[in-house]
Student: 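The following block contains the structure, expressed as structure tokens.
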Amino acid sequence: METLKKYRIKYNLSYKNMGDLLGISKTFYWQIENNKRRLSYERAIQIAKIFKVSPDEIFYEEIKKQGLKS
């Protein structure tokens with residue numbers, strides 16, 4: 001999830017920082033960012049709130065790309 005990674009780096013947050021903010025492990029967060037684990041709608045909202053944007057701003061293009069691959 002390139003856009004998610006860009007936001008995390010822009011805000012100078014590590015995997016551990018993101019995990020702590022979301023109440024999950026850094027490994028779990030890394031798996032989300034690297035498409036090793038599915039992202040729930042609720043978690044997408046949590047992540048978007050951290051960056052003060054809508055979930056679509058972070059995830060829409062990625063979901064669209066995945067839909068085209070199916």
Side-chain angles (χ1 to χ4, degrees):
M1 297 195 173
E2 252 342 277
T3 306
L4 177 55
K5 182 177 181 177
K6 288 176 185 175
Y7 269 95
R8 180 178 58 77
I9 291 168
K10 176 182 175 183
Y11 279 72
N12 198 30
L13 295 169
S14 68
Y15 295 126
K16 180 166 182 357
N17 297 144
M18 288 298 294
D20 290 346
L21 290 168
L22 296 166
I24 58 177
S25 70
K26 73 176 185 178
T27 303
F28 191 109
Y29 177 79
W30 179 91
Q31 290 171 337
I32 291 170
E33 192 173 295
N34 290 279
N35 290 317
K36 305 293 182 193
R37 188 177 288 264
R38 293 194 66 160
L39 178 67
S40 70
Y41 180 71
E42 291 80 14
R43 186 82 62 207
I45 291 171
Q46 279 184 303
I47 291 170
K49 283 182 181 179
I50 291 169
F51 301 120
K52 298 177 176 75
V53 297
S54 72
D56 283 353
E57 195 164 329
I58 301 172
F59 303 109
Y60 180 75
E61 287 301 319
E62 186 70 28
I63 292 168
K64 195 167 102 175
K65 277 193 284 186
Q66 288 177 3
L68 294 175
K69 291 178 185 176
S70 298

Student: Which is it for Tyr7 and Ile47 under the side-chain contact (heavy atoms from CB on, under 4.5 Å) test, yes or no, and what are the steps along the way?
Tutor: CA-CA 10 Å; Tyr7 269 95; Ile47 291 170; over 6 Å; no

Student: If you take all heavy atoms of Asn12 and Asn17, which pair is closest and at what distance?
Tutor: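 Answer, listing the atom of Asn12 first, then Asn17: O-OD1, 4.1 Å.
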
Student: So how far is it from Lys36 NZ to Thr27 OG1, rounded to the nearest 0.5 Å?
Tutor: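 With rounding to 0.5 Å, NZ (Lys36) is 13.5 Å from OG1 (Thr27).
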
Student: side-chain contact (heavy atoms from CB on, under 4.5 Å) for Leu21 and Leu13? Distances and angles first, verdict last.
Tutor: CA-CA 10 Å; Leu21 290 168; Leu13 295 169; 4.2 Å; yes

Student: Please report the C-alpha distance between Leu22 and Phe28 in whole Å, then the side-chain angles of each, then the deciding distance to 0.1 Å, and finally whether the side-chain contact (heavy atoms from CB on, under 4.5 Å) criterion is met.
Tutor: CA-CA 10 Å; Leu22 296 166; Phe28 191 109; over 6 Å; no

Student: Kindly give the heavy-atom pair with the smallest separation between Leu4 and Ile32, and that separation in Å.
Tutor: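 The answer is CD2-CG2, 4.3 Å.
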
Student: Can you name the closest pair of heavy atoms from Glu57 and Thr3 and give their distance?
Tutor: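 Nearest pair, atom of Glu57 first, then Thr3: O-CG2, 3.8 Å.
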
Student: Rounded to the nearest 0.5 Å, what's the gap from OG on Ser25 to CG on Asp20? Could you check?
Tutor: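 Answer rounded to 0.5 Å: 10.0 Å.
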
Student: Considering all heavy atoms of both residues, which atom of Glu33 and which atom of Tyr15 are nearest to each other, and what is their separation?
Tutor: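 In terms of heavy atoms, the two residues are closest at OE2-CE2, 3.5 Å.
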
Student: Might you point out which heavy atoms bring Met18 and Arg8 nearest each other, and give the distance in Å?
Tutor: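 So the two residues come closest at CG-CD, 3.7 Å.
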
Student: Run the side-chain contact (heavy atoms from CB on, under 4.5 Å) check on Arg43 and Ile24 step by step: do they pass?
Tutor: CA-CA 10 Å; Arg43 186 82 62 207; Ile24 58 177; 3.6 Å; yes

Student: I need the Glu2 CD to Asn35 CG distance, nearest 0.5 Å.
Tutor: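 Here the interatomic distance stands at 9.5 Å.
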
